[in-house]
Protein chains: 2
Amino acid sequence: MPGPGPTDNGRMKTTDALPLSQPPSPRTLAQPPLTSNVTALPAPPAPSGVASILKTLAILEIVAERGGATAKEVSASLGYPLPTVYRLMQTLVQSDYLVHIRRERKFELGYKLHQLGVSLHRQIGVPAEVRTEIARLHRNAQAAAYFAVYRGADVVVTYIVDSPAAPRLTPLSFGFHEAAHATAFGKIMLSGMTGEQRDQYLDAHGLPQLTPATITDRGELERQLESISRSHVAWEHEEFVPGMTCAAVGVRNSAGLLVGSVAISARADSIAIRERDHERMLRETAAGLSRYFRSGSVRR
Amino acid sequence: MPGPGPTDNGRMKTTDALPLSQPPSPRTLAQPPLTSNVTALPAPPAPSGVASILKTLAILEIVAERGGATAKEVSASLGYPLPTVYRLMQTLVQSDYLVHIRRERKFELGYKLHQLGVSLHRQIGVPAEVRTEIARLHRNAQAAAYFAVYRGADVVVTYIVDSPAAPRLTPLSFGFHEAAHATAFGKIMLSGMTGEQRDQYLDAHGLPQLTPATITDRGELERQLESISRSHVAWEHEEFVPGMTCAAVGVRNSAGLLVGSVAISARADSIAIRERDHERMLRETAAGLSRYFRSGSVRR
DNA sequence: GGGGCCCTGTCACCATGTGAGAAGCTGCCT
DNA sequence: AGGCAGCTTCTCACATGGTGACAGGGCCCC
């Protein structure tokens with residue numbers, strides 16, 4: 001068996017069972033080598049949780065990543081014994097989360113995942129007004145345009161309009177909710193939290209260094225958030241993706257609470273010369289959407 | 001619906017029918033001993049599979065159906081003890097399949113489901129040529145138009161074009177793969193199988209009666225399939241949805257194998273007068289797509 | 001301040017999932 | 001065709017890991 005290293009046959013704590021190995025989560029990207037000193041940080045995600053379920057979900061994600069996989073491949077890449085893999089996969093097949101394509105001897109994703117994806121979008125529900133305003137912003141600013149909202153404890157991108165000429169930042173897509181400290185819309189949302197909420201959030205997520213310019217010092221971030229809450233606009237210069245810059249403005253509801261934010265991104269050099277223009281367009285879009293969240297109409 | 005119900009096809013309406021699902025506490029609950037007599041029914045629910053995973057997936061689906069649910073609601077409607085529900089849901093949260101919205105004390109679907117949905121669509125991958133041809137068929141026939149393919153052991157709808165004036169049959173959407181015996185594209189696919197494959201399929205799925213006109217007799221179905229394999233067109237008159245009728249023609253690849261089928265649906269009365277026209281348009285579309293699957297181009 | 005929910009621990013039990021081994025089952029190669 | 005070499009399913013004894021009653025924080029709302 002091509003298992004990694006010494007196959008621990010005996011009944012041991014299969015501590016390596018951390019199935020979070022492969023998932024293409026942006027969490028694991030951009031690991032600056034740093035000094036390889038053994039940081040005592042409890043970096044590995046807590047292994048808490050029901051093991052068999054984590055295993056099953058890991059299988060699902062492997063199949064998603066590879067665009068279909070055989071049981072053997074799954075067994076090899078996750079290190080689970082073959083009969084276990086079959087049992088778990090059959091359970092997924094039975095519930096329509098996977099499909100077994102016997103002809104090709106492999107498993108692929110099942111249709112239930114389509115339904116769940118649709119349900120997710122329905123739950124998030126971006127109103128048509130938001131969509132048209134973000135599209136308009138994209139056209140006017142000739143930059144990728146985003147809308148993000150609070151959801152639970154996260155800041156989530158819920159709508160994006162871009163084009164080949166003005167593409168989105170690659171890690172950004174619907175559902176993105178990491179790295180608030182390094183994105184413009186993330187900073188807007190952080191600046192709208194109470195100090196306590198912010199502490200809790202930053203404790204949980206940390207300030208990973210994504211580029212050389214990423215703010216990793218808590219004090220510096222706090223100072224910038226302070227200034228953002230006065231100017232009502234957040235900028236981010238190559239702190240998230242090298243060579244790219246972002247700006248965002250908050251959207252508030254009738255109670256004056258921050259409900260979301262509007263953002264644009266563009267190449268750092270191209271946007272620099274037009275900061276004023278871009279800020280104005282952002283502010284106009286945000287004002288229109290704030291009106292919408294107050295009164296149900298974008299028009300003044 | 002709650003996945004655990006095997007061979008419960010014909011259950012397609014996504015009504016919010018209370019997920020009675022499986023026995024709440026099958027073992028622990030002391031059953032009134034007497035009544036155990038009979039019920040020699042072959043135990044319709046075959047709860048084969050890993051129980052904890054079925055429970056977890058059932059939770060996921062409850063949250064999807066209701067558009068968010070509290071742990072208590074889940075516990076009540078599935079009959080699982082509260083701590084168990086919390087444990088399972090937290091595991092899902094940890095893997096981004098659920099999100100816990102503390103403010104509203106409820107759980108909603110997580111972003112991983114979006115990624116998985118996207119992966120599913122990528123795996124199924126409907127070519128642009130198919131999309132444009134189906135759209136053209138919809139316009140010309142002024143009827144909802146469908147494309148379905150084999151996938152594993154199923155016949156799956158992968159693309160639909162409809163409009164308010166010519167809406168799709170309500171249970172039909174991307175990923176639909178039930179009731180092959182009652183749909184036109186299903187009949188086309190069944191007619192392209194070997195007798196053995198067909199037997200296996202029908203044994204597994206049965207011929208549930210969906211409307212008064214549904215063919216539920218295996219012999220009658222076989223006879224009709226026979227005739228379909230000669231005429232190369234399948235009709236279905238109110239066998240799937242009352243008042244609606246469907247027609248389908250197969251699409252073949254260079255090896256002459258059936259790879260998919262094209263279908264349209266319309267009100268039974270409106271389509272009746274133009275059967276010839278509709279058949280012709282279906283045949284033209286199917287021929288074009290067959291050319292595409294043979295040579296990579298729709299054009300002759 | 002108090003009461004009523006949510007939510008999260010703790011813990012002993014034992015049902016449940018686990019994984020080695022081996023037997024079906026295909027389809028491929030010779 | 002035969003036989004082989006995978007893939008897939010089954011069986012079974014074991015102890016692990018999940019389970020669920022209970023109880024203790026935490027939070028909001030009355």
Side-chain angles (χ1 to χ4, degrees), chain A residues 1-3 7-19 46-59 68-76 78-94 98-108 152-153 194 196-197 200, chain B residues 4 22-30 46-59 68-76 78-94 98-108 152-153 194 196-197 200:
Chain A
M1 178 165 92
T7 44
D8 64 46
N9 291 333
R11 291 247 115 269
M12 294 174 71
K13 293 281 187 182
T14 51
T15 51
D16 64 276
L18 272 210
S48 84
V50 180
S52 65
I53 292 169
L54 293 178
K55 282 189 208 170
T56 306
L57 300 181
I59 290 177
T70 68
K72 197 178 175 186
E73 282 168 12
V74 171
S75 165
L78 292 175
Y80 308 151
L82 250 169
T84 297
V85 169
Y86 273 110
R87 200 166 343 106
L88 298 179
M89 290 185 100
Q90 273 173 1
T91 306
L92 287 172
V93 167
Q94 185 187 323
L98 285 183
V99 167
H100 190 184
I101 308 207
R102 295 195 78 104
R103 267 183 55 80
E104 307 178 33
R105 330 199 126 216
K106 68 179 194 177
F107 291 83
E108 293 195 359
T194 68
E196 198 178 357
Q197 288 174 319
Q200 198 174 341
Chain B
Q22 32 199 14
S25 302
R27 54 203 175 279
T28 50
L29 271 194
S48 86
V50 181
S52 65
I53 291 169
L54 293 179
K55 282 190 207 169
T56 305
L57 300 181
I59 289 177
T70 67
K72 197 180 174 184
E73 281 169 14
V74 171
S75 166
L78 291 175
Y80 309 149
L82 250 168
T84 297
V85 169
Y86 273 110
R87 201 170 339 108
L88 297 179
M89 292 185 99
Q90 273 172 2
T91 305
L92 287 172
V93 167
Q94 185 187 320
L98 286 182
V99 167
H100 190 184
I101 310 212
R102 294 194 78 104
R103 270 183 54 80
E104 307 178 34
R105 332 200 124 214
K106 70 179 195 179
F107 291 82
E108 293 196 357
T194 68
E196 198 177 357
Q197 287 173 321
Q200 197 173 341

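Below, read A as the first sequence line, B as the second, and so on, with proteins coming before strands; counting in each chain starts at 1.
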Minimal non-hydrogen separation, A:Leu82 against A:Ser75, with atom names: N-OG, 3.9 Å

Side-chain heavy atoms of A:Val50 within contact of B:Arg87, under 4.5 Å: yes

Nearest to side-chain heavy atoms of A:Lys55, which nucleotide of C:dG19, D:dG18, D:dG20: C:dG19

Pair assignment for DNA chain D - dot-bracket with | for other-strand partners, Watson-Crick or G-U under 3.5 Å: |||||||||||||||||||||||..|||||

Spacing between A:Tyr80 atom OH and C:dA20 atom C1', to the nearest angstrom: 19 Å

Please tabulate the protein-to-nucleotide N/O contacts below 3.5 Å involving nucleotides 4-12 of chain D, giving atom names and distances.
unit_1: D:dC7; atom_1: OP2; unit_2: A:Lys72; atom_2: NZ; d: 3.2
unit_1: D:dC7; atom_1: O4'; unit_2: A:Arg105; atom_2: NH1; d: 3.2
unit_1: D:dT8; atom_1: OP1; unit_2: A:His100; atom_2: NE2; d: 3.3
unit_1: D:dT8; atom_1: OP2; unit_2: A:Tyr86; atom_2: OH; d: 2.6
unit_1: D:dT8; atom_1: O5'; unit_2: A:Tyr86; atom_2: OH; d: 3.1
unit_1: D:dT9; atom_1: OP1; unit_2: A:Gln90; atom_2: NE2; d: 3.4
unit_1: D:dT9; atom_1: OP2; unit_2: A:Gln90; atom_2: NE2; d: 2.5

Spacing between B:Leu88 atom CG and C:dT8 atom P, to the nearest angstrom: 13 Å

Atom-pair distance (CZ on A:Arg103; C1' on C:dC28), nearest Å: 14 Å

A:Thr70: partners by side chain to side chain donor-acceptor pair (under 3.5 Å), with sequence neighbours left out: none

Identified side chain to side chain contact (heavy atoms under 4.5 Å, CB included) partner of A:Ile59 from the options A:Thr91, A:Thr84, A:Val74: A:Val74

Closest approach of B:Lys55 to B:Leu88 (non-hydrogen atoms, all atoms of both residues): CB-CD1, 4.0 Å

A:Ser52: partners by side chain to side chain donor-acceptor pair (under 3.5 Å), with sequence neighbours left out: B:Ser52

Sugar-phosphate only, base, or nothing, as touched by A:Thr84 at under 4.0 Å among non-hydrogen atoms: base

Spacing of B:Glu196 atom CD relative to C:dG27 atom C1', expressed in whole Å: 14 Å

With A:Gln200 via side chain to side chain contact (heavy atoms under 4.5 Å, CB included) - residues at least two apart: none

Set of side chain to side chain contact (heavy atoms under 4.5 Å, CB included) partners for B:Glu108, sequence neighbours left out: A:Gln123, A:Arg151, B:Ile101, B:Lys106

